[in-house]
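Everything below concerns the one structure shown next.
The first residue of the sequence shown is numbered 1, and numbering continues consecutively from there. Keep in mind that the numbers below use all heavy atoms, side chains included, and drop hydrogens, waters and symmetry copies.
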Amino acid sequence: MSEKVRLGSRNVAIVGPYLSGKTTLLESLLFVTGAITRKGSVKDSNTVGDSATESRDRHMSVEISTACAEYNDIRFTFIDCPGSVEFAQETYNALMGVDAAIVVCEPIRERVLTLAPLFKFLDDWEIPHLVFVNKMDRANIHVLETLHALKAVSSRPLVAHQYPIMLGEQLTGFIDMVSEQAYQYHPGAPADPIPFPEHLKEEEHTARAEMLEALANFDDHLLEELLEDIEPPQEEILKDLKMELGADLVVPVFFGVAEQDYGVRPLLEALLRESPEPETTAARRLKGKPSNTPIAQVLKTFYTPQGGKLSLVRVWQGKLTDGIVLNGVRAGGIYRLMGQQQQSLNEANAGEIVALSRLEGIKTGDTISTERPAELAKAEHLEPVYALAITPEKRNDEVKLSSAITKLLEEDPSLAWEQHGDTHEVILWGQGEIHLQVALDRLRRKYNLAMSTHLPQVPYKETIRKPVTSVHGRYKHQSGGHGQFGDVFLDIKPLPRGEGFNFKETIVGGVVPRQYIPGVETGVREFLVHGPLGFPVVDVSVTLTNGSYHTVDSSEQAFKQAARLAMQTGIPQAQPTLLEPILRVEVTTPSEFTSKVLQLLSGRRGQILGYEGRQDWQGWDNITAYLPQAEMQNFIVELRSLTLGVGSFHWAYDHLQEVPEKLAEKVLASNGHSNNGNGK
């Protein structure tokens with residue numbers, strides 16, 4: 001019997017906060033299924049999950065990693081996802097292609113809150129998920145408190161699939177809540193059945209009743225049995241668990257110690273028995289009549305030093321074959337991934353997650369097919385919240401920077417870059433300090449581009465406070481032959497904030513000929529690019545009121561120079577003042593941290609506009625404020641520090657505002673300008 005016929009499949013993402021033990025759990029899953037013969041460790045940087053160089057250097061996952069294992073005639077494809085909030089885009093993209101997710105967490109009540117954004121994403125997309133409470137061997141654990149905290153951050157009811165058996169602070173076994181059979185753990189071996197611990201009978205009975213009541217909310221027959229005190233058959237309970245997990249109606253909870261393989265086999269059995277088949281997931285995602293037309297979706301893009309571009313895809317329908325043309329692009333090889341290792345395949349069938357080579361022009365999230373399919377839903381790109389200005393250490397490298405960054409953004413869509421129009425800096429945007437450092441490491445390692453970095457400059461502007469009239473500018477130059485002569489009088493006035501620049505003329509009697517007036521406007525505009533305080537001048541009206549010309553020596557160029565001289569004289573007399581960009585910021589935070597976030601904003605010269613409960617997020621607030629752009633640098637770092645890493649914000653430019661006098665003095669001093677003429 002061929003492997004294609006023999007093996008079914010399940011695609012499972014392993015997700016959860018940083019340090020919860022996801023990569024260790026993957027290593028244990030691979031070990032107990034026989035996919036690997038020896039377990040690695042994150043500390044020793046030899047795990048299958050943390051196979052990327054940047055991951056091993058930091059002892060943390062910075063991108064998804066894929067591994068396969070076979071268990072009871074099912075091929076599991078596990079996707080180990082980063083836990084740091086700075087790499088959440090990787091996790092969200094991967095979740096769009098799986099049948100179920102294992103949410104890994106520690107038995108620490110205070111850290112459970114960090115799961116809230118992840119639970120919200122899973123429930124919004126109705127992705128079936130289980131919880132694996134890891135590290136049950138640590139001191140001072142509180143199982144009931146952890147469960148209570150988990151219920152508070154999940155919009156779906158949690159059902160305890162197991163009841164842990166503890167000896168002091170050590171996890172020694174579990175009671176299966178379906179069969180009510182107790183088991184004892186053994187390091188490196190399957191758990192053995194043991195007699196039911198009588199001292200846990202009352203607690204287990206209460207927990208099991210809660211599980212059955214939760215399942216009965218979606219099964220009238222089970223509800224009738226419970227009301228009539230009829231013990232439901234195990235088969236019915238398992239059927240309900242499968243149905244309700246598959247529809248993302250309940251969240252089963254398991255306990256264990258991944259490092260010792262405790263709880264890993266029961267978790268695997270539940271995935272085998274209760275997680276939805278790929279066909280079920282595909283029917284929900286495709287929302288149409290199934291056919292044999294190949295349809296797949298890109299979950300991740302890699303650029304490898306040896307093989308070039310690799311696209312990790314979920315095959316939703318049909319079959320992919322070597323050399324298939326998808327979206328007009330001929331694919332190269334088909335590969336099954338095991339960390340960094342690649343196994344070449346001739347074909348990939350519906351339900352599989354494989355890598356395709358050389359899909360040029362196709363990006364993460366794209367739907368690909370031999371025909372023109374409707375685009376499948378994909379995770380939204382996270383808005384950037386942290387920036388660095390970057391410059392190649394070698395000037396000759398500037399020409400290849402654009403191409404390298406384009407590839408970098410293909411691998412990681414949560415990065416962005418721009419060449420700022422005012423400061424002329426190349427700015428790399430991302431999700432935090434570590435995120436950008438990883439991106440810079442990749443630029444150096446993959447593309448031999450070493451970068452210097454600094455915090456981006458604030459794009460200050462300047463304006464004027466009072467009008468000045470009849471400012472004279474005369475340009476006269478004689479150097480043999482025709483000379484140069486231009487003579488103008490200008491009125492300079494401030495405009496309301498946000499009006500920009502306005503140029504007019506009130507010339508009478510041809511004292512300045514029409515053909516020279518465009519030169520006057522050009523001279524004014526060129527001066528405003530760099531005002532007396534060192535920044536672009538905005539919100540200014542300039543009117544040409546008078547002047548004179550020479551029939552031989554005048555030219556448009558001469559009037560341009562005359563206008564510059566007039567502006568050079570007039571603007572300092574008009575009380576120039578410094579302006580800073582103000583952003584409208586919307587901060588989201590758990591309500592328990594709202595007061596701290598309000599203090600953070602106020603301490604950064606923020607103007608609080610108001611706050612209210614966050615829609616569809618129970619126990620969360622939205623805070624709206626105006627915040628100077630100068631105060632945004634490192635804002636995300638402090639915000640996350642105050643909110644257990646889950647606070648976030650959106651921002652948009654709103655308006656310009658005068659800089660307070662003392663701060664303006666510091667800005668001008670650092671920019672090499674005195675405060676003379678600032679009018680403060």
Side-chain angles (χ1 to χ4, degrees), residues 1-13 30 33 35 48 64-79 93-94 96-99 272 275-286 288-304 306-376:
M1 186 179 293
S2 69
E3 180 185 77
K4 177 180 67 176
V5 175
R6 181 174 62 85
L7 292 181
S9 60
R10 295 285 192 285
N11 301 295
V12 180
L30 297 177
T33 56
V48 174
I64 64 170
S65 186
T66 308
C68 296
E70 295 176 14
Y71 185 72
N72 283 10
D73 294 339
I74 295 291
R75 174 181 291 109
F76 283 93
T77 299
F78 295 108
I79 302 181
N93 291 342
M96 300 304 288
V98 299
D99 304 305
L272 185 74
S275 64
E277 291 83 0
E279 297 79 13
T280 303
T281 311
R284 189 176 73 244
R285 289 294 305 279
L286 295 176
K289 193 173 182 180
S291 73
N292 292 324
T293 302
I295 297 178
Q297 187 173 27
V298 181
L299 309 180
K300 167 72 178 173
T301 301
F302 300 93
Y303 276 93
T304 63
Q306 300 82 17
K309 184 177 180 179
L310 277 181
S311 301
L312 187 73
V313 306
R314 162 74 186 251
V315 186
W316 289 108
Q317 179 178 281
K319 179 192 298 185
L320 305 183
T321 53
D322 200 5
I324 192 172
V325 176
L326 300 164
N327 291 20
V329 181
R330 183 176 295 278
I334 304 175
Y335 304 95
R336 183 169 292 127
L337 300 185
M338 186 75 168
Q340 297 276 39
Q341 299 176 6
Q342 303 173 12
Q343 176 191 352
S344 183
L345 305 172
N346 293 322
E347 62 183 35
N349 295 285
E352 294 193 77
I353 291 179
V354 296
L356 304 179
S357 64
R358 299 195 295 277
L359 287 181
E360 303 304 329
I362 292 175
K363 305 185 296 296
T364 299
D366 284 356
T367 304
I368 53 177
S369 177
T370 52
E371 299 178 3
R372 282 191 170 184
E375 282 286 320
L376 295 175

Where do [X] and [Y] come nearest, in terms of heavy atoms and distance?
| X | Y | value |
| --- | --- | --- |
| T367 | A374 | CG2-O, 3.9 Å |
| L376 | W316 | CD1-CD1, 3.4 Å |
| G351 | P278 | CA-CB, 3.7 Å |
| V298 | I368 | CG2-CD1, 4.4 Å |
| L310 | A355 | CD2-CB, 4.2 Å |

Which value, rounded to the nearest 0.5 Å, describes the distance between [X] atom [atom1] and [Y] atom [atom2]?
| X | Y | atom1 | atom2 | result |
| --- | --- | --- | --- | --- |
| F76 | C68 | CZ | SG | 11.5 Å |
| D366 | S311 | CG | OG | 9.0 Å |
| Q340 | S65 | CD | OG | 7.0 Å |
| E375 | Q297 | CD | CD | 8.0 Å |
| I79 | I353 | CD1 | CD1 | 4.0 Å |

Close side-chain approach of [X] to [Y], heavy-atom, < 4.5 Å:
| X | Y | result |
| --- | --- | --- |
| L337 | Q342 | yes |
| L345 | D322 | no |
| I324 | L356 | no |
| L320 | L326 | yes |

### Task
Kindly indicate, with the supporting measurements, whether the criterion side chain to side chain contact (heavy atoms under 4.5 Å, CB included) is fulfilled by R285 and M96.
CA-CA 9 Å; R285 289 294 305 279; M96 300 304 288; 4.0 Å; yes

According to side-chain hydrogen bond (donor to acceptor under 3.5 Å, both in side chains), who are the partners of [X], at least two apart in sequence or on a separate chain?
| X | value |
| --- | --- |
| Y71 | E269 |
| T66 | none |
| D99 | N11, T281, R314 |
| T301 | T364 |

### Summary
Taken in chain and number order and not counting sequence neighbours, the residues that satisfy salt bridge (Lys or Arg N to Asp or Glu O under 4.0 Å) with R10 are E277

Quick one: side-chain contact (heavy atoms from CB on, under 4.5 Å) partners of [X], sequence neighbours excluded?
| X | answer |
| --- | --- |
| A13 | V15, C81, L95, V98, A101 |
| A35 | L30, T33, A69, M338 |
| V329 | L359, I362 |
| T293 | S291, Q317, S369, T370, E371 |

### Message
For a side chain to side chain contact (heavy atoms under 4.5 Å, CB included) check, start with the C-alpha distance between N349 and V315, then their side-chain angles and the critical distance, and finish with the verdict.
### Response
CA-CA 7 Å; N349 295 285; V315 186; over 6 Å; no

### Query
So which pairs with a foot in residues 290-301 pass salt bridge (Lys or Arg N to Asp or Glu O under 4.0 Å), sequence neighbours left out?
E63-K300, E90-K300

